[in-house]
Q: 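Here it is: the structure, laid out below.
These numbers come from the heavy atoms of this one structure, side chains and all, not from hydrogens, waters or symmetry mates. Numbered from 1 within each chain, the chains take letters A, B, ... in sequence-line order.
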Amino acid sequence: MTLSSLPGFRDFYPEDFALRDHIVSGWREVARRYGFVEYDGPPLEPLELYTDKSGPEIVDQLYTFVDKGNRAVALRPEMTPTLARMVGARAQALPKPIKWFSIPQLFRYERPQRGRLREHLQLNMDIVGETDVMSDAELVAAAIDAVRHFGLNSEDFTARVSDRRLIGIVLQEVGVPEGRIVEAILALDRAERQGDEWLAARLTELGVDEAGVRSVLDVRGHDLDGLTAHFAGSRDVAEAADRLRAFFALMSDHGLSAYVTFDSRLVRGLAYYTGLVFELWEREGRLRAICGGGRYDDLLAALGGPDLPALGFGMGDVVLGELLKEKGLAPERQASVDDFVVYVTLAQRSAAIRVARRLRERGRGVAMDYRGRSVGRQFRAADQLGASRTIVIGPDEERDRTASVRDMATGEEKVVPLVELIEGV
RNA sequence: GUGGGCGUAGCUCAGUAGGUUAGAGCGCCAGGUUGUGGCCCUGGAGGUCGCGGGUUCGAAUCCCGUCGCUCACCCCA
């Protein structure tokens with residue numbers, strides 16, 4: 001048996017599953033606290049759901065095949081098209097804002113690397129049907145809490161925030177033609193990796209004159225005030241900046257100011273964002289973004305869904321999991337057993353099983369030895385399982401209807417009547 | 001898709017001027033005489049040295065290919 005899992009796919013051994021479950025239940029808890037409700041869709045979707053509206057690079061990375069009914073199908077690479085369809089079907093009936101979350105397993109055929117596999121779990125939280133800046137702030141707050149929940153704080157990670165509309169207006173101010181704003185925005189995104197020279201050349205290509213290019217390079221990295229000061233003459237810039245200021249004021253109300261910073265260099269690669277964009281990053285490490293999202297007011301309609309404003313984010317379990325392991329915040333193992341019931345001789349086995357049953361009925365996690373090994377070995381097994389108590393049933397205990405209960409942490413042991421043992425749980 | 005590094009037991013790693021049955025620690029299993037764990041002692045299981053081919057009398061050690069992991073690109077949920 002030499003079969004291994006496919007590249008980029010994971011086997012979850014119990015200790016791995018412990019981390020996965022820790023993350024997933026933490027996310028659920030945070031989503032619940034923000035008033036989001038959970039939904040899910042099929043992992044397998046019609047291929048057209050993605051080919052029609054998604055970019056070619058996404059289509060290249062799709063897991064696709066033709067099923068036995070001769071349908072072209074794909075494993076879902078993202079959740080938004082499914083969300084658009086589901087919300088679309090009931091758009092009229094659902095009270096707004098619609099606050100839904102999901103933790104789908106998503107698939108993408110690409111080169112696996114640290115923090116990026118071909119499959120991952122991703123928390124998706126979306127708000128549909130609301131444009132107020134308060135929804136922007138609450139969504140980012142939820143994203144931050146979805147990381148803070150695991151014990152990370154503002155020394156560990158930070159949220160970079162920007163606004164596509166503001167950046168678009170700035171680009172318009174410096175002379176990018178109306179129809180090429182999106183291209184210029186994507187160029188800004190690539191410039192993070194390609195450098196200023198590349199950006200200058202690209203902007204020139206897009207029709208920006210020398211002064212405009214200099215202007216863009218100047219304001220890259222400026223804070224919000226610096227940016228508005230630079231374009232002091234523009235009412236549009238001032239207005240767009242005001243929304244961001246309101247956003248930061250709200251983040252302060254959420255008590256999360258320490259986490260958020262405006263970053264004019266952040267634009268995110270996806271073409272469909274129309275306003276707020278944000279990413280969560282580990283402060284020091286070389287890991288990828290923990291999370292990314294933003295406002296996409298036109299996307300649902302573009303996907304054939306309802307014409308409703310929306311915003312959302314995706315947060316993968318892979319990068320977050322790496323980070324938790326790095327910081328020593330990952331659980332070592334799944335919850336251990338509560339009680340280990342020892343039978344001293346085979347004659348007490350039945351009595352011991354009955355005790356175990358009563359304890360289980362009370363909700364205790366109980367384990368026993370199967371082979372009647374020596375008491376010493378049974379204790380060792382109890383220790384290995386991390387039992388908090390070991391309950392010994394021997395001839396004396398059986399006769400007296402008692403049990404010897406040993407606290408495994410302190411080593412303290414006492415004889416307790418069975419009734420008390422069971423009722424005391 | 002492109003380039004670099006790596007690939008020996010479940011884990012962390014030794015082991016090259018190529019030479020008889022490939023090692024250690026941890027972990028696992030069984031004992032240490034049948035009523036008590038964490039320590040200790042003894043024994044054991046477990047490896048086609050990633051896989052395939054080549055060079056050689058002989059390869060874990062050299063060469064080629066391939067797969068996987070990883071890092072940097074590319075791209076990004």
Q: What nucleic acid atoms does A/L186 come within less than 4.0 Å of, heavy atoms only: base, sugar-phosphate, or nothing?
A: nothing
Q: Which whole-number value in Å describes the distance from A/E279 CD to B/C75 P?
A: 15 Å
Q: Taking only Watson-Crick and G-U wobble pairs with both distances under 3.5 Å, what dot-bracket line describes RNA chain B, where [ ] shows pairs that cross earlier ones and | shows pairs with another strand?
A: (((((((..((((.....[...)))).(((((.......))))).....(((((..]....))))))))))))....
Q: Taking ring-ring contact (aromatic ring centres under 6.0 Å, His included) as the cut-off, I'd like each qualifying pair that reaches into residues 101-126 of chain A, sequence neighbours left out, listed once.
A: A/Y63-A/Y109
Q: For a quick check of understanding: with a heavy-atom distance under 4.0 Å over all strands, which category does A/G8 fall into, base, sugar-phosphate or nothing?
A: sugar-phosphate
Q: Between A/Y259 and A/F157, what is the ring plane arrangement, given parallel below 30°, perpendicular above 60°, and tilted in between?
A: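 A/Y259 and A/F157: tilted rings.
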Q: Any side-chain heavy-atom pair from A/N124 and A/L83 closer than 4.5 angstrom?
A: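 No, too far: nothing below the 4.5 Å cut-off.
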Q: In whole angstrom, give the distance that lies between atom CZ of A/R118 and atom P of B/G68.
A: 7 Å
Q: Please work out if A/R116 contacts a base, only the sugar-phosphate, or nothing of the nucleic acid, heavy-atom cut-off 4.0 Å.
A: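 Here A/R116 touches the bases of the nucleic acid.
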Q: Look only at the side chain of A/R360 and the backbone of A/V366, and say whether a donor-acceptor pair between them is shorter than 3.5 Å.
A: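 Yes; at least one donor-acceptor contact below 3.5 Å.
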Q: Please identify each residue that fulfils side chain to side chain contact (heavy atoms under 4.5 Å, CB included) with A/D132, with sequence neighbours left out.
A: A/E130, A/M134
Q: Pairing donors with acceptors under 3.5 angstrom, does anything connect the side chains of A/S102 and A/E38?
A: no
Q: In whole Å, what is the span from the OH atom of A/Y13 to the C1' atom of B/G10?
A: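 That distance rounds to 9 Å.
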Q: Within the structure, does a side-chain N or O atom of A/R190 lie under 4.0 Å from either OP1 or OP2 of B/C75?
A: yes
Q: Pairing donors with acceptors under 3.5 angstrom, does anything connect the side chains of A/Y272 and A/D297?
A: no
Q: In whole angstroms, how far is the C1' atom of B/G10 from the CG atom of A/D16?
A: 13 Å
Q: Less than 3.5 Å apart, which donor and acceptor atoms pair up between the side chains of residues 377-386 of chain A and the rest of the protein, not counting sequence neighbours?
A:
{"unit_1": "A/Q378", "atom_1": "OE1", "unit_2": "A/Y343", "atom_2": "N", "d": "3.4"}
{"unit_1": "A/Q378", "atom_1": "NE2", "unit_2": "A/Y343", "atom_2": "O", "d": "2.9"}
{"unit_1": "A/Q378", "atom_1": "NE2", "unit_2": "A/R373", "atom_2": "O", "d": "2.8"}

Q: Can you tell me how far C1' of B/C76 sits from CD1 of A/I290, to the nearest Å?
A: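 The answer, rounded to whole Å, is 16 Å.
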Q: In B/S/- notation, 5' to 3', how is nucleotides 30-43 of chain B contacted by protein heavy atoms closer than 4.0 Å?
A: SBB--BBBB-B---
Q: What integer distance in Å separates A/W281:CH2 from B/C76:P?
A: 13 Å
Q: What pairs of residues pass the side-chain hydrogen bond (donor to acceptor under 3.5 Å, both in side chains) test when at least one of them lies in residues 412-425 of chain A, not counting sequence neighbours?
A: A/R406-A/E413
